[in-house]
Undergrad: 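Dropping a structure here in structure tokens format, bear with me for questions.
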Amino acid sequence: MSVNPHRKGLILAGGDGTRLHPITHAISKQLLPIYDKPMIYYSLSVLMLAGIREILLISTPKNLPLYQELLGSGSQWGIEITYQRQSEPRGIPEAFILGENYLAHHPSCLILGDSFFYGTAFSDTLTRLAQPNTPPTILAYPVANPSQFGILELDHQHNIVSLQEKPTHPKSKLAIPGLYFFDSQAPTLAKSLHPSPRGELEITDLMNLYLETGSLKAEILGRGSTWLDMGSHDSLLDAANFVRVLQTRQGLHIACLEEIALQKNWITPAQCAQSVANMGQSTYRQYLESLLTE
């Protein structure tokens with residue numbers, strides 16, 4: 001085993017998406033469109049922006065073939081995507097249990113497939129947190145309705161004091177978004193957890209195990225950052241409108257995977273042109289053609 005193994009990525013795209021019925025009755029939530037791209041593109045782009053090129057996508061037996069058809073091996077973006085079945089949702093920490101062999105003692109970055117992130121300095125934050133020696137780190141994002149989220153309490157030095165899961169009386173307004181940077185111990189710790197009263201392993205319990213050792217850190221996303229939990233009809237619309245406004249105003253696309261791969265020199269312009277040639281006449285293709293022309 002390498003003394004300093006690189007960080008691998010996990011995307012959890014399982015669950016039934018019942019809060020979005022009937023639109024998720026026949027299709028995975030993370031395959032729904034967010035303006036001009038499938039939702040899964042946005043979480044995949046976060047891992048790519050972090051410099052992570054080995055990614056395990058976890059989903060249901062029903063939906064996994066759809067992800068494989070959409071994303072393939074990932075080679076068109078210079079990455080490697082592996083797929084893992086999750087027979088039924090048993091909580092977020094199960095991603096580390098299912099991915100234990102894949103991770104093979106590597107540190108990891110887990111992102112939930114319905115999380116949307118955007119920010120001017122967000123890429124720099126991701127690159128820093130994705131370094132192999134970064135301590136276990138979670139994000140903190142201020143919200144107006146903290147009772148609907150996992151919440152963390154910080155002291156004046158930004159050290160984590162406590163973690164609460166959808167508290168009735170929140171101790172802060174700092175929500176915990178679905179993006180977690182953990183060390184190689186995550187699978188072992190996840191296997192030590194017991195299901196909560198709702199029958200699932202809780203990510204808050206896993207974070208508390210790290211907190212007990214004093215190793216868990218928090219990274220606050222400030223006013224220049226945006227996080228949306230795309231789990232409701234309203235938040236789906238909010239995310240789509242957000243993407244539409246920025247792309248229309250700036251002429252720059254959010255979560256364009258080919259563009260990220262080009263910027264990181266993971267693919268060549270010729271390889272990108274080959275991918276473009278197989279696309280339909282969409283605005284996504286037109287954007288890529290303009291990049292290649294420039």
Side-chain angles (χ1 to χ4, degrees), residues 9 11 13 27-53 55 57 66-67 69-81 109 111-127 130 139 141 177-179 221 223-230 235-294:
I11 300 179
I27 192 171
S28 172
K29 171 175 62 175
Q30 292 85 2
L31 290 171
L32 295 175
I34 302 300
Y35 190 51
D36 59 345
K37 306 170 203 72
M39 186 188 297
I40 196 68
Y41 269 44
Y42 296 88
S43 50
L44 184 56
S45 72
V46 169
L47 296 182
M48 291 176 64
L49 287 170
I52 295 174
R53 302 180 70 175
I55 298 167
L57 190 147
L66 299 177
Y67 287 107
E69 182 178 355
L70 174 67
L71 305 175
S73 67
S75 60
Q76 67 272 36
W77 304 305
I79 63 177
E80 179 185 278
I81 303 176
C109 174
I111 184 168
L112 305 186
D114 59 358
S115 288
F116 177 93
F117 293 93
Y118 181 80
T120 53
F122 189 55
S123 294
D124 294 337
T125 299
L126 289 173
T127 301
L139 303 183
Y141 187 84
L179 181 62
L221 298 179
R223 290 183 176 224
S225 301
T226 297
W227 166 60
L228 296 172
D229 175 17
M230 299 181 287
S235 60
L236 284 179
L237 182 59
D238 288 343
N241 284 331
F242 183 90
V243 173
R244 181 188 65 81
V245 169
L246 262 68
Q247 291 187 174
T248 302
R249 178 61 63 89
Q250 297 180 344
L252 301 172
H253 275 218
I254 299 173
C256 179
L257 305 183
E258 289 81 2
E259 181 178 19
I260 296 171
L262 280 171
Q263 291 175 342
K264 292 187 173 295
N265 293 317
W266 293 349
I267 61 172
T268 65
Q271 290 173 312
C272 183
Q274 185 175 5
S275 295
V276 170
N278 295 322
M279 295 179 183
Q281 295 298 327
S282 65
T283 55
Y284 190 87
R285 173 176 178 157
Q286 293 168 11
Y287 178 70
L288 286 172
E289 287 177 335
S290 69
L291 289 180
L292 291 172
T293 300
E294 293 172 3

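Numbering of residues begins at 1 and proceeds along the displayed sequence.
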Undergrad: Quick one: OG1 on Thr283 to CG on Leu288, what's the gap to the nearest 0.5 Å?
TA: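 Going from the OG1 atom of Thr283 to the CG atom of Leu288 covers 10.0 Å.
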Undergrad: Taking side-chain contact (heavy atoms from CB on, under 4.5 Å) as the test, write out the residues that go with Thr268, two or more places apart.
TA: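 Once residues adjacent in sequence are excluded, the partners of Thr268 under the side-chain contact (heavy atoms from CB on, under 4.5 Å) criterion are Ala270, Gln271.
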Undergrad: Do any N or O atoms from the side chain of Gln250 and from the backbone of Val245 form a donor-acceptor pair under 3.5 angstrom?
TA: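 No; zero donor-acceptor contacts below 3.5 Å.
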Undergrad: For Leu228 and Asp238, which heavy atoms make the closest approach, and how far apart are they?
TA: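 So the two residues come closest at CD1-C, 4.2 Å.
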Undergrad: Is there a donor-acceptor contact under 3.5 Å from the side chain of Ser235 to the main chain of Asp229?
TA: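 Flag set: sc Ser235 to bb Asp229 pair under 3.5 Å.
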Undergrad: Tell me, do Leu291 and His253 make a side-chain contact under 4.5 Å, heavy atoms counted?
TA: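 Counting from C-beta outward, Leu291 and His253 never come under 4.5 Å.
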Undergrad: Give me the atom names and distance for the closest heavy-atom approach of Gln76 to Ser275.
TA: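 Scanning both residues completely, I find the closest heavy atoms to be CB-OG, 3.9 Å.
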Undergrad: Only pairs at least two apart or in different chains count here, so list each salt bridge (charged side-chain N to carboxylate O under 4.0 Å, His left out) that has a residue in residues 33-51.
TA: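 Applying salt bridge (charged side-chain N to carboxylate O under 4.0 Å, His left out) to every pair that reaches into residues 33-51, excluding sequence neighbours, yields nothing.
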Undergrad: Hey, what do you get for CG (Leu262) to CG (Leu257), rounding to the nearest 0.5 Å?
TA: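 Interatomic distance, Leu262 CG to Leu257 CG, rounded to 0.5 Å: 11.0 Å.
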Undergrad: What pairs with Tyr284 under ring-ring contact (aromatic ring centres under 6.0 Å, His included), at least two apart in sequence or on another chain?
TA: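 Listed in chain order: nothing, the list is empty.
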Undergrad: Is there a side-chain contact (heavy atoms from CB on, under 4.5 Å) between Leu49 and Ile260 once you walk through the steps?
TA: CA-CA 7 Å; Leu49 287 170; Ile260 296 171; 3.9 Å; yes
Undergrad: Run the numbers on Val243 and Phe116 for side-chain contact (heavy atoms from CB on, under 4.5 Å), then give the verdict.
TA: CA-CA 10 Å; Val243 173; Phe116 177 93; 3.7 Å; yes
Undergrad: So, for Ser225 and Tyr141, which heavy atoms are closest and what is the spacing to 0.1 Å?
TA: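 The pair with the smallest heavy-atom distance is O-OH, 3.2 Å.
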Undergrad: Side chains of Glu259 and Tyr287: any donor to acceptor distance under 3.5 Å?
TA: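 There is such a pair between these side chains.
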Undergrad: Looking at SG of Cys272 and CH2 of Trp266, how far apart are the two atoms once the value is rounded to the nearest 0.5 Å?
TA: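 Between atom SG of Cys272 and atom CH2 of Trp266 there are 14.5 Å.
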Undergrad: Can you give the donor-acceptor pairs under 3.5 Å from side chains of residues 27-35 to other protein atoms, not counting sequence neighbours?
TA:
residue : atom : partner : partner atom : Å
Ser28   : OG   : Gln30   : N            : 3.4
Ser28   : OG   : Gln30   : OE1          : 2.9
Ser28   : OG   : Tyr67   : OH           : 2.6
Lys29   : NZ   : Asp114  : OD2          : 2.7
Gln30   : OE1  : Tyr67   : OH           : 3.4

Undergrad: For the ring-ring contact (aromatic ring centres under 6.0 Å, His included) test, which of Phe117, Trp227, Tyr118 pairs with Phe242?
TA: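 Looking at Phe117, Trp227, Tyr118, the match for Phe242 under the ring-ring contact (aromatic ring centres under 6.0 Å, His included) is Tyr118.
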Undergrad: What's the shortest heavy-atom distance between Ala50 and Ala130, and which atoms?
TA: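 Ala50 and Ala130 have their closest heavy atoms at O-CB, 3.4 Å.
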Undergrad: What distance separates Ile52 CD1 from Ile11 CD1, expressed to the nearest 0.5 Å?
TA: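 If I round to the nearest 0.5 Å, the distance is 9.5 Å.
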Undergrad: Going from CG on Leu139 to CZ on Phe122, what distance comes out if it is rounded to the nearest 0.5 angstrom?
TA: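 Between atom CG of Leu139 and atom CZ of Phe122 there are 6.0 Å.
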Undergrad: Between Cys109 and Leu179, is any pair of side-chain heavy atoms under 4.5 Å apart?
TA: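 Yes; the side chains approach each other to less than 4.5 Å.
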Undergrad: Not counting sequence neighbours, list each pair that qualifies as a salt bridge (charged side-chain N to carboxylate O under 4.0 Å, His left out) and has a residue in residues 271-290.
TA: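 Sorted pair list: Arg285-Glu289.
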Undergrad: Determine whether more than 12 heavy atoms belonging to other residues, nucleotides or ligands lie under 6.0 Å from atom CD of Gln286.
TA: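 Check passes, neighbour count above 12.
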Undergrad: What pairs with Pro38 under side-chain contact (heavy atoms from CB on, under 4.5 Å), at least two apart in sequence or on another chain?
TA: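 Once residues adjacent in sequence are excluded, the partners of Pro38 under the side-chain contact (heavy atoms from CB on, under 4.5 Å) criterion are Ile40, Tyr41, Leu70.
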Undergrad: Look up atom OG in Ser115 and atom CE in Met230, then write down how far apart they are to the nearest 0.5 Å.
TA: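 Reported value, rounded in 0.5 Å steps: 7.0 Å.
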Undergrad: Determine the minimum heavy-atom distance between Leu236 and Met39, stating which atoms define it.
TA: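 Heavy-atom minimum between the residues: CD2-CE, 3.4 Å.
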